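What follows is a set of notes on a single structure, which appears directly below.
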Number of protein chains: 2
Amino acid sequence: MSGEDNLLKLVEVEEADDHDYRLQEQVGFILRKAHQRHVSIFAAHIADLTPPQFAALAKLRDVGETSQNQLGTLIAMDAATVKGVIDRLKARGLVELSKHEVDKRRLLVNLTAEGRDAIDRLIPLAREITRETLAPLSAKEIAIFMKLLAKLA
Amino acid sequence: MSGEDNLLKLVEVEEADDHDYRLQEQVGFILRKAHQRHVSIFAAHIADLTPPQFAALAKLRDVGETSQNQLGTLIAMDAATVKGVIDRLKARGLVELSKHEVDKRRLLVNLTAEGRDAIDRLIPLAREITRETLAPLSAKEIAIFMKLLAKLA
DNA sequence: GGAAATTCATTCGTATGCAAATGATATCAA
DNA sequence: TTGATATCATTTGCATACGAATGAATTTCC
């Protein structure tokens with residue numbers, strides 16, 4: 001092989017490499033699509049609440065009264081986002097807000113009776129949403145997938 | 001065991017079931033967190049473009065000129081969303097728009113020279129983003145995970 | 001005690017993401 | 001041919017999502 005051939009080969013390899021990037025095989029792209037699909041399944045089962053709103057109610061049910069900020073940490077939402085979510089839940093009477101007696105910076109959030117009823121009623125639907133989201137996988141695959149997904153998140 | 005005991009047992013089981021819903025173990029919740037993490041890694045490597053904007057450029061590089069709608073299908077974005085993405089890319093001179101000669105409904109999108117330079121320059125960074133996103137997994141785990149994730153998306 | 005650093009919440013700006021409604025054009029079918 | 005359908009794009013409205021800036025309150029630490 002001549003030196004020229006070698007050079008040509010290198011150039012070709014680099015170009016092949018360049019064109020070798022396949023968007024639809026990248027983890028970020030597929031992750032985004034999987035998330036989209038889940039949100040769509042969620043909406044089909046629970047039309048009047050978004051996944052973040054549901055997450056806020058479900059977590060409040062677990063931990064009881066907490067500060068808005070702490071709740072955000074628990075459900076992986078930044079302060080600006082959680083405020084919007086809580087504002088909308090409050091407007092619908094599902095949560096109530098109060099000031100922390102000691103630490104005046106904190107805004108306490110809690111379920112109302114209506115909010116508790118709502119989340120209790122929705123949890124069976126949420127189980128079904130999880131089931132349907134994972135439906136393309138076998139039981140064994142689900143176990144593996146969830147373990148690996150948890151490592152990534 | 002008396003009939004009363006049986007009834008009590010049933011009630012207890014149902015309540016335990018009720019409290020058994022763990023948000024942080026649900027696939028939707030973890031999927032959302034994994035996606036968040038990926039976006040964060042993306043932003044750390046490519047500050048001046050969002051993942052959807054990058055996806056649009058990368059796909060245009062693959063397929064060449066297409067209609068806005070068709071591009072949306074290819075990158076899993078609805079018509080309203082893709083319009084915003086393309087508008088912003090156009091404002092930055094990375095894509096150009098033209099009317100389809102025959103079908104007057106269609107708006108054709110293509111990379112500009114600058115857009116092509118940009119995406120060519122960014123692809124190596126995108127490879128690194130994928131690598132870093134998958135870093136918590138071993139090579140074998142990555143292969144399994146990607147296969148299962150693709151099934152879900 | 002008091003300055004510096006931290007924490008909590010809010011606001012603003014920008015960017016997805018999608019449902020629904022609308023208008024223009026194209027295709028299909030009777 | 002024309003009337004019904006379907007497709008493409010746009011617009012509006014609402015809901016995340018997050019960086020950055022701001023202000024109030026608290027904690028830390030010298």
Side-chain angles (χ1 to χ4, degrees), chain A residues 28-29 31-44 46-57 65-92 94 97-109, chain B residues 28-29 31-44 46-57 65-92 94 97-109:
Chain A
F29 185 75
L31 222 36
R32 177 171 147 271
K33 287 214 300 176
H35 182 248
Q36 278 176 2
R37 173 170 167 273
H38 166 74
V39 171
S40 166
I41 292 171
F42 188 101
I46 301 182
D48 59 341
L49 227 54
T50 64
Q53 289 167 0
F54 175 87
L57 295 183
E65 191 173 59
T66 3
S67 75
Q68 196 175 264
N69 225 38
Q70 174 62 13
L71 180 61
T73 300
L74 293 171
I75 57 180
M77 271 176 229
D78 93 345
T81 302
V82 80
K83 184 187 191 313
V85 172
I86 294 302
D87 279 354
R88 284 180 284 276
L89 291 175
K90 173 177 154 59
R92 292 174 52 179
L94 300 176
L97 304 178
S98 56
K99 289 178 182 173
H100 193 289
E101 287 298 316
V102 178
D103 187 340
K104 293 177 184 171
R105 295 169 305 177
R106 294 189 203 173
L107 187 62
L108 296 175
V109 191
Chain B
F29 185 76
L31 222 35
R32 176 170 148 272
K33 287 213 300 176
H35 182 248
Q36 279 177 359
R37 173 169 167 272
H38 167 73
V39 171
S40 167
I41 292 171
F42 188 101
I46 301 182
D48 59 342
L49 227 52
T50 65
Q53 289 167 359
F54 175 87
L57 296 182
E65 190 173 58
T66 3
S67 74
Q68 196 175 264
N69 226 36
Q70 173 63 14
L71 180 62
T73 300
L74 294 171
I75 57 180
M77 270 177 230
D78 91 347
T81 302
V82 80
K83 185 188 191 312
V85 173
I86 294 301
D87 279 355
R88 284 180 285 276
L89 291 175
K90 174 177 152 58
R92 292 174 53 178
L94 299 176
L97 304 179
S98 56
K99 288 178 183 173
H100 192 289
E101 288 297 317
V102 178
D103 188 339
K104 293 177 184 172
R105 294 170 305 178
R106 293 190 204 172
L107 187 63
L108 296 174
V109 192

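The model shown is predicted, which means the values in this text are computed figures rather than measured ones. Proteins come first, then strands; the chains are lettered A, B, ... in the order of their sequence lines, and each starts at number 1.
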Residue closer to the 5' end of DNA chain D, A:D103 versus A:P52 (nearest nucleotide): A:P52
Choose from C:dT10, C:dG17, D:dT12 the nucleotide whose nearest atom is closest to any side-chain atom of B:A80. D:dT12
Could you check whether B:V109 gets within reach of a base, just the sugar-phosphate, or nothing at all, counting any heavy atom under 4.0 Å? nothing
Euclidean distance, atom CG of residue A:D78 to atom C1' of C:dA15 [Å, nearest integer]: 14 Å
For the side chain of A:R105 and the base of D:dT26, is some donor closer than 3.5 Å to an acceptor across the two? no
Could you give the CG-to-P distance, from B:D48 to D:dC18, as a whole number of Å? 19 Å
Mapping A:D87 and B:A76 to their closest nucleotides on DNA chain C, which lands nearer the 5' end? A:D87
Examine C:dT16: is either OP1 or OP2 under 4.0 Å from a nitrogen or oxygen in the side chain of B:Q53? Give yes or no. yes
Write down the atom of B:S98, the atom of B:E65, and the distance for their closest heavy-atom approach. OG-OE2, 3.5 Å
To the nearest Å, give me how far apart NZ (A:K99) and C1' (D:dA25) are. 13 Å
Looking only at D:dA9, C:dA15, D:dT16, the nucleotide nearest the B:R88 side chain is C:dA15
Are the side chain of A:R32 and the backbone of B:A76 linked by a donor-acceptor contact shorter than 3.5 Å? yes
Nearest-0.5 Å distance that lies between atom NE2 in A:H38 and atom NE2 in A:H35: 6.5 Å
Under 4.0 Å between any heavy atoms, over every strand shown, what does A:V102 touch: base, sugar-phosphate, or nothing? Just pick one. sugar-phosphate
Using atom CG of A:L31 as one end and atom P of C:dT16 as the other, report the distance to the nearest whole Å. 17 Å
Side chain to side chain, A:H100 and A:S67, heavy atoms closer than 4.5 Å: no
Is B:S40 touching bases, backbone alone, or none of the nucleic acid, heavy atoms closer than 4.0 Å? nothing
In the structure I gave you, are the side-chain heavy atoms of B:V85 and B:I75 within less than 4.5 Å of one another anywhere? no
Base, sugar-phosphate, or nothing for B:T50, non-hydrogen atoms under 4.0 angstrom? sugar-phosphate
Can you see if the side chain of A:R106 gets near the phosphate of D:dT26 - specifically, an N or O under 4.0 Å from OP1 or OP2? no
In whole angstrom, what separates B:K104's NZ from D:dA9's P? 15 Å
For B:V39, report the nucleic acid contact type (base, sugar-phosphate, nothing); a contact means any heavy atom under 4.0 Å. nothing
D:dT10, OP1 or OP2 - any side-chain N/O from B:Q68 closer than 4.0 Å? yes
Between P on D:dC14 and CG on A:L49, what's the gap in Å once rounded to a whole number? 17 Å
Do the side chains of B:Q68 and B:K83 get nearer than 4.5 Å, heavy atoms only? yes
Report the residue (B:L107 or A:V85) whose heavy-atom-nearest nucleotide on DNA chain D is the more 5′ of the two. B:L107
Distance in angstrom units between B:K83 NZ and C:dT16 P, rounded: 13 Å
Rounded to the nearest angstrom, tell me the gap between atom CD in B:Q36 and atom P in C:dA15. 19 Å
